[in-house]
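In what follows, chains carry the letters A, B, and so on, assigned in the order in which the sequence lines appear, proteins first and then strands, with residues in each chain numbered from 1.
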Protein chains: 4
Amino acid sequence: MNGQPPPPRPGRKRSEESRLAILTAAFELTAEVSYAGVGIEAIAARSGTGKQTIYRWWPSKADVLLDALATKADLYVAVDRDTGSYAGDLREFLTATFALGRNATVVAALRALMAQAQLDSEFGQRFRTGFLQRRRDALAVLVDRARARGDLPSGPSDATVADLVFGVVWYRLLATDRDVDDPLVDELVATLTQTY
Amino acid sequence: MNGQPPPPRPGRKRSEESRLAILTAAFELTAEVSYAGVGIEAIAARSGTGKQTIYRWWPSKADVLLDALATKADLYVAVDRDTGSYAGDLREFLTATFALGRNATVVAALRALMAQAQLDSEFGQRFRTGFLQRRRDALAVLVDRARARGDLPSGPSDATVADLVFGVVWYRLLATDRDVDDPLVDELVATLTQTY
Amino acid sequence: MNGQPPPPRPGRKRSEESRLAILTAAFELTAEVSYAGVGIEAIAARSGTGKQTIYRWWPSKADVLLDALATKADLYVAVDRDTGSYAGDLREFLTATFALGRNATVVAALRALMAQAQLDSEFGQRFRTGFLQRRRDALAVLVDRARARGDLPSGPSDATVADLVFGVVWYRLLATDRDVDDPLVDELVATLTQTY
Amino acid sequence: MNGQPPPPRPGRKRSEESRLAILTAAFELTAEVSYAGVGIEAIAARSGTGKQTIYRWWPSKADVLLDALATKADLYVAVDRDTGSYAGDLREFLTATFALGRNATVVAALRALMAQAQLDSEFGQRFRTGFLQRRRDALAVLVDRARARGDLPSGPSDATVADLVFGVVWYRLLATDRDVDDPLVDELVATLTQTY
DNA sequence: AATTAAGCGAGACGGTACGTCTAGTCTTAAC
DNA sequence: GTTAAGACTAGACGTACCGTCTCGCTTAATT
């Protein structure tokens, strides 16, 4: 793809140390103090950096947190193991996804990001394409494999399957105080592997 | 219930005119300018009232908007008509619910409220009990009737049915730019009326 | 002139307490820390007020200090006592003026204001008309009285007399570390009461 | 004085080209944008140099401008021509001095430097010894010559003469919008050549 | 020629004050 | 006691510079 490395620019290089300190501070403070209670100033203070360094590299507090989430948590769990059946693959995907949904710090960040995506439409765009769509893509791999295998039940369309799966997960996080738990995996797998 | 009216207290009565002006201003400004771009001061200015009057009667901007939504939109559509079957009742419930989900102003308000519920946990509590739970209760009526009728398929638990239904609706509103449309009604009814 | 008082406006009145606290803080901090080392934030903090209150009533830090000087120090010493002679009047004017020029806090403020008048031309305008010109006007009273009395020597023009008097005072403050002292009074009176 | 040249050190030599570019940029920007509106970054940008190069050779922006003034303007006009009389020498000195006082760019720089001398006491020290005192020394040459010649009137002390002369000049620059003009030369010469 | 020691333009860094904005409270006079 | 108006304290915002640092390069004297 990118044969030649980026042309060497003059001037001091970006500090990887500061970058990580900022992401760590953002992640920890969100969990400790709540997203709304944390400002760019607090992130700069906690990380021992200047505000300008944050503004130079991220367009908003939410983008910092999204970057932190991607950097700190193993979000994009590769779930490409082929268990041999749609039901098996789906169960594995849901189990891995739900595990994240029980990590309190990750959940706090996800709720804040989804909230911010509603309030700041530019961030919303970035959040959808950079995060939400990637999760759908991961699920789509399973579904496509099942279809190729002839294993896919004649149920809802692919898009609706994704809407159902992620809808339940997000609704649980955002609108209830119930975790995404193991019984829910069973119910979802059962519901989605039915044929009309 | 309350036989005697509230005892006459001294002083000026609460102005119903101001109350409505505030709710109208909040509702319109949210749609025109975005929730995040509107402050209490703007609502007071637009409604021709003082900030203190708003702070006296509502605990936060989100509560004003929630009140406005309840007052301005016919949110709590009574869907108690018995169509004779679970599938029919469900279809009617979903159709009525989705209709609201296609009203741009209502959707803007709902997205803002769900966002705020994540950022302000006290409002979140009020939003869940005062709004989200009422919707679940409305759905529960159908389900209970179907069960009494012996019409309920042996599918997911009642709570999971609600999670699926509202999960899909909210996910569509919050995470995608696709409306809640009629094909989705069919897919949901089909999925939820299956037997394992 | 102003027959009717200002029409009663609605809303809270300006706080005289805050006004004085701000002027006191500005005056003291300038002497303690130096004008350049004091910011609006420090004045707000020391005075226990908000920054907005300062910005609401004064256009700049220098204007606050100018107001403080006028309020705290008896700057506009009325020197209208008629000693009977130009030399006597002049000596009295200079003596009173020089006394202020030996008050360290006042001198610190005056030096800062004259400096700021060079750096901020809008403030410079206000400083000239609101302060410097008033001092010239006070001197002009003496000169006019001497002329009416037939006591004025045929020396430099009125404007040049003022330039000489205030020039020496300001030059001593700004460009040297020598006070304005009593021998200088004698030399100035002698020089300015000569006839060509 | 310094018999031996500095010992040859290794490394790159100071760039005279950069030095001049910086002084020119400082001088021009002060006149174009005002002293307060110009920062070290702007001088570096305009001169095509790096900030570090400026900080390496000058302690402050004011020192750059002072250096620029000395380099760009013929400030230290040698006025050692003996006209044969105190009055004549004084007139020549004043005429040469006033000429500079009518150069708008020079005046802008002088006002800024005197202002900065009030706000930054370390620079103030350098400005007094490196600039103001030199001007006084130049005037002292005339006065000493007149005294030797027996031509000096028994007026104010030498120091006060200098205070009067430079006081008037600086006061006109700093506190009024009147130029130092030719009539003022006459009045000053007349005033200072009087005998008590 | 290789090495070492400065100076250079560029630009990121930690830090700080700016002037603006909004929140939520308090005060006033009218009703 | 509520109202509209508006000043109040408080504090975060995003910007602009400060003065320092790091980077890769150039230039000179020393090996």
How many whole angstroms separate atom [atom1] of [X] from atom [atom2] of [N]?
X: I54(D); N: dC18(F); atom1: CD1; atom2: P; value: 10 Å
X: I43(B); N: dA4(F); atom1: CD1; atom2: P; value: 14 Å
X: R46(A); N: dG14(E); atom1: CZ; atom2: P; value: 16 Å
X: I22(D); N: dC8(E); atom1: CD1; atom2: C1'; value: 10 Å
X: W58(A); N: dG14(F); atom1: CH2; atom2: P; value: 15 Å
X: E16(D); N: dG7(E); atom1: CD; atom2: P; value: 15 Å
X: R56(A); N: dG14(F); atom1: CZ; atom2: C1'; value: 14 Å

Could you list the residues that satisfy side chain to side chain donor-acceptor pair (under 3.5 Å) with S47(D), not counting sequence neighbours?
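S47(D) satisfies side chain to side chain donor-acceptor pair (under 3.5 Å) with T49(D) only.
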What residues, two or more places apart in sequence or in another chain, satisfy side chain to side chain donor-acceptor pair (under 3.5 Å) together with Q52(A)?
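So Q52(A) forms no side chain to side chain donor-acceptor pair (under 3.5 Å) with any residue.
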Under-4.0 Å side-chain N/O to phosphate OP1/OP2 contact, [X] with [N]:
X: R14(A); N: dT22(F); value: no
X: W57(D); N: dC8(E); value: yes
X: S18(C); N: dA7(F); value: no

Applying side-chain contact (heavy atoms from CB on, under 4.5 Å) to R46(A) and E28(A), what does each step give before you reach the verdict?
CA-CA 10 Å; R46(A) 160 82 81 113; E28(A) 292 176 356; 2.8 Å; yes
Quick one: label T49(C) by what it contacts on the DNA or RNA (base, sugar-phosphate, nothing), any heavy atom closer than 4.0 Å.
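Since only primed, P, OP1 and OP2 atoms lie under 4.0 Å of T49(C), the category is sugar-phosphate.
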Student check: side-chain heavy atoms of Q118(B) and M114(A) closer than 4.5 Å:
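Heavy-atom side-chain distance check fails, nothing below 4.5 Å.
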Set of residues satisfying ring pair (Phe, Tyr, Trp, His ring centres under 6.0 Å) with respect to F127(C), sequence neighbours excluded:
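In terms of ring pair (Phe, Tyr, Trp, His ring centres under 6.0 Å), with neighbours along the sequence ignored, F127(C) is linked to F123(C), F131(C).
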Between protein and nucleotides 22-31 of chain E, map the contacts as a letter string: B base, S sugar-phosphate only, - none, heavy atoms under 4.0 Å, written 5' to 3'.
BSBBBBB-BB
DNA chain F contacts among residues 112-127 of chain C, heavy-atom distance under 4.0 Å
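Listed by number, there are none.
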The helix from dA1(E)-dT31(F) to dC31(E)-dG1(F): angle between end helix axes, five pairs per end, rounded to 10 degrees
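Both end axes considered, the difference amounts to 10°.
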